[in-house]
Amino acid sequence: MKIIIVGGVAGGMSAATRLRRLMEDAEITIFEKGPFVSFANCGLPYYVSGEIANRDSLLVQTPESLRARFNLDVRPFHEVIQISPEEHNVTVRHDGQEFTESYDKLILSPGAKPFIPTIEGLAEVKNTYTLRNVPDLDEIMVALDNHPKEAVVIGAGFIGLEMAENLAKRGLHVTIVEKAPHVLPPLDQEMAAFVQAELLANGVRVITSQSTTRFEDQGKIIVLENGQKITSDLTILSVGVEPENGLAKAAGIELGLRGGILVDEHYETSQKDIFAVGDAIVVKQEITGQDALISLASPANRQGRQVADVIAGMERKNKGSIGTAIVRAFDMTAASTGLSERILSMNQLPYKALHVSGKDHAGYYPGATDMTLKLLFDPTSGKIYGAQGVGAKGVDKRIDILATAIKGNLTVFDLPELEFTYAPPFGSAKDPVNMLGYVALNLIEGLSDNIQWYQLEEELASGKKFLDVRTSGEFQSGRLKVDTIHIPLNELRERLDELDKNQAYIVSCHSGLRSYIAERILKQAGFTVQNLDGAYSLYKMANPEGVEYGN
């Protein structure tokens, strides 16, 4: 069998190497229009700062090594410019010459390309770059050799934040411009606020709710929609990606969401014997069943392996993806899996949200750091919709656990039952993931009722009273700008007569634990109570203007 793969990296090379392991006699050719068929594109930003010191470390395999180990015919600088599905051949351009090559099976792995918005003056810029491959990186490194001082990153997604961090570590003064109301749009606002605070603490200027409308002076001046002008010596465009679909579209292959290549459950396109994998294809969002574009390395690798199994005659199905991702911003880690609260609201799915604060390992053991986890779930069935986490350490472990729970169809009822390794340097006897389960069960079973930070103003306007049960010292150091009744938790039982059983209350503490205890005391005494989820610590992060400090 003769198999041609268009494009390498995660999807294409995973397919090629798996095919060889299954089909020793197959003729496998990989055409890659660029110079590198196998490179670590997720590592590119870290070379900018020197954290990855050796450029060759980014080059995972070479054509020579792939031929020696896997007997693959890998051809860089070979661009497939046309597919003829009826004739089962492709037209390839190399070194100014064109030739055709026949195939029995064709795998498309073209990836995604940076989305370039229409901005006035962009065609004349001399200092603006995107980062998607090694040649892009080389251009940026050449520009950095000219010792720029002011850098602007347009777009505060995962790659945008990584570039901002690494440019700042290189010594540049960095400004991030993001059209959305907050950085890291895949996260919900209150969780992204932790990341924004970390960026600001490290000298990165953050401008949100603004898009770039014009470049002036060949890109040295960036004009925002509010008229603000920013000086830039080097600009990174990182406003998202779109499927590289030109070849497929010209071949009559059916396209779907935002131009993504449509494939069936076996990765076959609308044209017989033509398959597609990676960032260019439309996948099913596994939780909602809706079409989605999920540009991540792990799904692309899995898809490449699975399409090879299909071609080799094995039974494999494309189950879709849930979208699990992580990013580091200086000393802060942010990760997410599944659906955000914003997406759940857009899809009008019934859900409950909760936040838990904890430590990455036992608090009494040296070096413990804070983390905040958010869980979203169906309030009736307990189905887990999604999770988000922020913190210095241990966030990856917890979000990976929750992603596995979603993939395994576990519910919140299963989370308290999960057993984790525990010793003081590694975790807690009651892991934050277990705690998510306990809190969720309390909500489902009616032991607790919570409201979110953004609901507080409306709830108070309806006539409810706000009760803060922190200590006097905590209350004096900082409190919400609302009419507040302050009764420390340890005094609450003795001071119940100061409260009115005909009055509904919203109770809060520092993180939500003490306010839950207060909620249980009050409810069993006949009061109507709700708990402010995440309490003071989350509210002040999400809405800092709503907090006042000092006496």
Worksheet item: Would you call the rings of Y536 and H510 parallel, tilted or perpendicular, where under 30° means parallel and over 60° means perpendicular?
Response: tilted

Discussion item. Using every non-hydrogen atom in the two residues, find where R132 and I159 come nearest and quote the distance to one decimal.
Written reply: NH1-CD1, 4.4 Å

Practice prompt. Give a yes or no on whether E457 atom CD has more than 12 heavy-atom contacts from other residues, nucleotides or ligands under 6.0 Å away.
Written response: no

Discussion item. Tell me every residue that passes salt bridge (Lys or Arg N to Asp or Glu O under 4.0 Å) with R214, counting only those two or more places apart in sequence or in another chain.
Written reply: E216

Worksheet entry | Short side-chain to backbone donor-acceptor contact, N531 and I506, under 3.5 Å | no

Worksheet item: Given side chains that start at C-beta, do those of L480 and L456 come closer than 4.5 Å, heavy atoms only?
Response: yes

Item to complete: Give a yes or no on whether K33 atom NZ has more than 12 heavy-atom contacts from other residues, nucleotides or ligands under 6.0 Å away.
Response: no

Worksheet item: Just wondering, are more than 12 heavy atoms of other shown residues or ligands nearer than 6.0 Å to CD in E548?
Response: yes

Worksheet, complete the sentence: Of all heavy-atom pairs linking S109 and G12, the shortest is OG-N, 3.0 Å

Response to the item:
Heavy-atom closest pair (W453 atom, Y539 atom, distance to 0.1 Å) is O-CE1, 3.5 Å

Worksheet entry | Whether over 12 other heavy atoms sit under 6.0 Å from F426 CZ | no

Worksheet item: Going by an N to O cut-off under 4.0 Å, is there a salt bridge joining D468 and R479?
Response: no

Discussion item. If the threshold is 4.0 Å, N to carboxylate O, is there a salt bridge linking D370 and K359?
Written reply: yes

Item to complete: Any salt bridge (Lys or Arg N to Asp or Glu O under 4.0 Å) involving residues 35-52? Give me the pairs, sequence neighbours left out, ordered by first then second residue.
Response: E51-K169, E51-R328

Worksheet entry | The single option from L161, L167, V206, L234 passing side chain to side chain contact (heavy atoms under 4.5 Å, CB included) against V153 | L167

Practice prompt. For N166 and Y46, test the side chains for any donor-to-acceptor distance below 3.5 angstrom and give the result as yes or no.
Written response: no

Discussion item. Could you check whether R398 pairs with D431 (Lys NZ or Arg NE/NH1/NH2 to Asp/Glu carboxylate O, under 4.0 Å)?
Written reply: yes

Fill in: Nearest heavy atoms of E225 and S209, plus distance in Å
OE2-O, 4.0 Å

Worksheet item: Salt bridge between D217 and K229, side-chain N to carboxylate O under 4.0 Å?
Response: no

Worksheet item: Salt bridge check: are R514 and E474 linked by an N-O gap of less than 4.0 Å?
Response: yes

